[in-house]
Amino acid sequence: MAVEERVAPRTGRARTARRAGVVLLLAVLAAAVCLVVPNDPWHDFFDLRVYRGAVAWWLDGRPLYDFTYGRSPYGFTYPPFAALLVAPMAALPVWAVATAHTLLNVVVLAGLTRWLVVPVARRHGWPLPSTWVAAVPVLFVLEPVRETMGFGQVNLFLAALVLADVTALRRGSRWAGVGTGLAAAVKLTPALFVVYLLLTGRRRAAGVATATAAGATLLAAAVAPGTSWRFWTETLWHTERVGRLDKTSNQSLLGALARLADPGDPPRAVWALLAAVVLVAVVARAVRVARAGDDLAGVTLTGLAACLVSPISWSHHFVWLVPALVVLVDVAAGAPVAPGRWPGRSRVVAGTLAAVLALVLASSAIWFAEAHPGHHHDAGVWGLLVEDLWLLVTLVVVAVLPARVRSARAAARTTAPSPPGGSSPR
């Protein structure tokens, strides 16, 4: 008995040491990836400097949307409510703002990783907390995450707000929708999640989200009426202020058309038709997936639909590929899926797609084919395909991402609409 008591602690300590070693190795590998990817992973917090410079300019009595950072053409492009939120930056030095932003992003990334990974680990009997701790550097390596931090962007914050509503819906909270509404008030594309809430029968949450977004927008209008009027009547429609459509990092449908039409202008009518078809098809899939019981997959599809149809979606906007990757890993590990999707092959297909997705995101593959205006066809068809790789992979993901169910017995039944706010395998 005494021998067993001595052996057990030693075995436990050895297991803990091995897990700590794995986590450390993953962290080192993550750092190594950041050093060898073809683009600078930090970007000197460029977007954060734009935000800070813009609100400092604004608080000095000058028009917010006249600001451009340094010699660049870039200025503040978000609604006035977002400017109110970041206004305190003007009172702090750049290093303090960058430090605070990085620390907040690390906390949010750790929280999102735990929220996404722990249910998967429990389902498959993987050790906790080492599994989710080890997943943090793995997810950090993915370009949407590290570039969100490197540019000083808000994508992780917005994703966290929307996913908080998934938890609120599951708990039946009357506050469900507040996170989505705040995200839509900061940036317009999350407004698509309000449509998702409506189509999945969460009318109360959709109403809360709409009221929250409207309240935040009206607050900004009350504080800065002239700035608000200019944004909603003028600035909003000038997409060229955001950047060039043909830039490699713009992985939207319009970005691909712009590169295809280079050096000419992309056909807007073709884009409008493609965007409409993709939007309807992907949102319809999101609704079906949610009704099958997988709200995480439904929200993920909605976020990816917004990225695809937005005129400009930079590579760091595609944070919704991160939960898509988690869903695919879960299915590859054996999570049951709703009937009608990959019968008998779900684990192989999900594992293959997860591996391809992780490789594409971690390697920043699109930058190997980066080209400038007038040169997007220099490398031929293969060059264009590599330059559009994120778009192509995202189209595959939105076409085949499965709906997970809570048990194999549920998977064997015919999929029926679940009640609004019903349980989800996450």
Exercise for review: Taking the side chain as every heavy atom from C-beta outward, state whether Leu385 and Trp382 have any pair of such atoms under 4.5 Å apart.
Suggested key: yes
Exercise for review: Hey, can you tell me if His316 and Phe151 have their rings parallel, tilted or perpendicular (30° and 60° cut-offs)?
Suggested key: tilted
**Study point:** Working for side chain to side chain donor-acceptor pair (under 3.5 Å), residues Thr227 and Trp58
**Key:** CA-CA 10 Å; Thr227 300; Trp58 186 38; 3.3 Å; yes
Review point. Given side chains that start at C-beta, do those of Ile312 and Lys247 come closer than 4.5 Å, heavy atoms only?
Key: no
Revision key, fill the gap. Leu401 and Ala324 have their tightest heavy-atom pair at CD1-O, 3.9 Å
Review point. Is there a side-chain contact between Trp390 and Cys307, using heavy atoms and a 4.5 Å cut-off?
Key: no
Check your understanding: What's the spacing between Arg288 CZ and Arg291 CZ if we round to 0.5 Å?
Key -> 10.0 Å
Point to revise | Trp367 and Glu143 side chains, donor-acceptor separation under 3.5 Å | key: yes
Review point. Taking C-beta and beyond as the side chain, do Thr394 and Phe318 meet within less than 4.5 Å on heavy atoms?
Key: yes
Practice item. Step by step, work out the side-chain contact (heavy atoms from CB on, under 4.5 Å) result for Arg52 and Val94. Key: CA-CA 8 Å; Arg52 181 183 175 277; Val94 172; 3.7 Å; yes
Review point. What distance do Ser364 atom OG and Glu147 atom CD have between them, rounded to the nearest 0.5 Å?
Key: 6.0 Å
Check your understanding: Given the side-chain rings of Trp320 and Phe193, with only the six-membered ring counted for Trp, is the space between their centroids under 6.0 Å?
Key -> yes
Practice item. Starting from the C-alpha separation in whole Å, work towards a yes-or-no answer on side-chain contact (heavy atoms from CB on, under 4.5 Å) for Asn155 and Lys187. Key: CA-CA 10 Å; Asn155 306 298; Lys187 190 175 180 179; 3.9 Å; yes
Review point. Under 3.5 Å, side chain of Ser363 to main-chain N/O of Leu359, donor-acceptor pair present?
Key: yes
**Study point:** Side-chain (Asn250) to main-chain (Leu245) donor-acceptor, under 3.5 angstrom
**Key:** yes
Check your understanding: Do Leu197 and Arg204 come close enough that some side-chain heavy atom pair is under 4.5 Å?
Key -> no
Review point. In terms of the angle between their ring planes, are Tyr78 and Tyr51 parallel, tilted or perpendicular, with boundaries placed at 30° and 60°?
Key: tilted
Exercise for review: List the steps and the verdict of side-chain contact (heavy atoms from CB on, under 4.5 Å) for Leu188 and Leu236.
Suggested key: CA-CA 10 Å; Leu188 298 181; Leu236 172 62; 3.0 Å; yes
Check your understanding: Quick one: does Arg230's side chain have a donor or acceptor within less than 3.5 Å of a partner on Leu64's backbone?
Key -> no
**Study point:** Value rounded to 0.5 Å, distance of OG1 in Thr99 from CZ in Phe45
**Key:** 7.0 Å
Practice item. Go through the structure and list residues passing ring pair (Phe, Tyr, Trp, His ring centres under 6.0 Å) with Phe231, not counting sequence neighbours. Key: Tyr65
Point to revise | Minimum heavy-atom distance Pro267-Ala261, with the two atoms named | key: CD-CB, 4.5 Å
Point to revise | Donor-acceptor pair, side chain of Asp294 and main chain of Arg404, under 3.5 angstrom | key: yes
Point to revise | Reported CG-to-OG1 distance for the pair Leu169 and Thr200, which is rounded to 0.5 angstrom | key: 7.5 Å
Check your understanding: At their closest point, which heavy atom of Ala354 faces which heavy atom of Val329, and how far apart are they?
Key -> CB-CG2, 4.2 Å
Review point. Hey, mind stepping through Trp115 and Leu163 against side-chain contact (heavy atoms from CB on, under 4.5 Å) and telling me if it holds?
Key: CA-CA 9 Å; Trp115 190 87; Leu163 291 175; 4.1 Å; yes
Review point. What are the two closest heavy atoms between His101 and Thr148, and how far apart are they?
Key: CE1-O, 3.8 Å
Review point. Is a donor on one side and an acceptor on the other found under 3.5 Å between the side chain of Ser252 and the backbone of Pro311?
Key: yes
Review point. So, for Ala213 and Ala184, which heavy atoms are closest and what is the spacing to 0.1 Å?
Key: CB-CB, 4.3 Å
Practice item. To the nearest 0.5 angstrom, please state how far the CH2 atom of Trp132 sits from the CG atom of Leu116. Key: 12.0 Å
Review point. Do any N or O atoms from the side chain of Asp165 and from the backbone of Thr180 form a donor-acceptor pair under 3.5 angstrom?
Key: yes
Review point. Going by an N to O cut-off under 4.0 Å, is there a salt bridge joining Arg244 and Asp262?
Key: no
Review point. Between Ser72 (side chain) and Thr68 (backbone), is there a donor-acceptor pair under 3.5 Å?
Key: no
Review point. Does the side chain of Leu192 reach to within under 4.5 Å of the side chain of Val309, using non-hydrogen atoms?
Key: no
Review point. Is Val97 close to Leu48 at the side-chain level, that is, under 4.5 Å between some pair of heavy atoms?
Key: yes
Review point. Hey, what do you get for NE2 (His372) to OG1 (Thr248), rounding to the nearest 0.5 Å?
Key: 7.5 Å
Check your understanding: Short question: side chain of Gln251, backbone of Glu387 - any donor-acceptor pair under 3.5 Å?
Key -> yes
Point to revise | Closest approach of Leu112 to Leu156 (non-hydrogen atoms, all atoms of both residues) | key: CD1-O, 4.0 Å
Check your understanding: Are any side-chain N or O atoms of Arg146 and backbone N or O atoms of Ala362, one a donor and one an acceptor, separated by less than 3.5 Å?
Key -> yes
Exercise for review: Mark yes when over 12 heavy atoms from residues, nucleotides or ligands other than Arg62 sit less than 6.0 Å from its CZ; otherwise mark no.
Suggested key: yes
Practice item. Check whether any side-chain N or O of Ser173 sits under 3.5 Å from a backbone N or O of Ala168 as a donor-acceptor pair, and report yes or no. Key: no
Practice item. Find out whether Leu254 and Pro266 are in side-chain contact, i.e. whether some heavy atom of one side chain is under 4.5 Å from a heavy atom of the other. Key: yes
Review point. Would you call Asp295-Arg170 a salt bridge at under 4.0 Å N-O?
Key: no
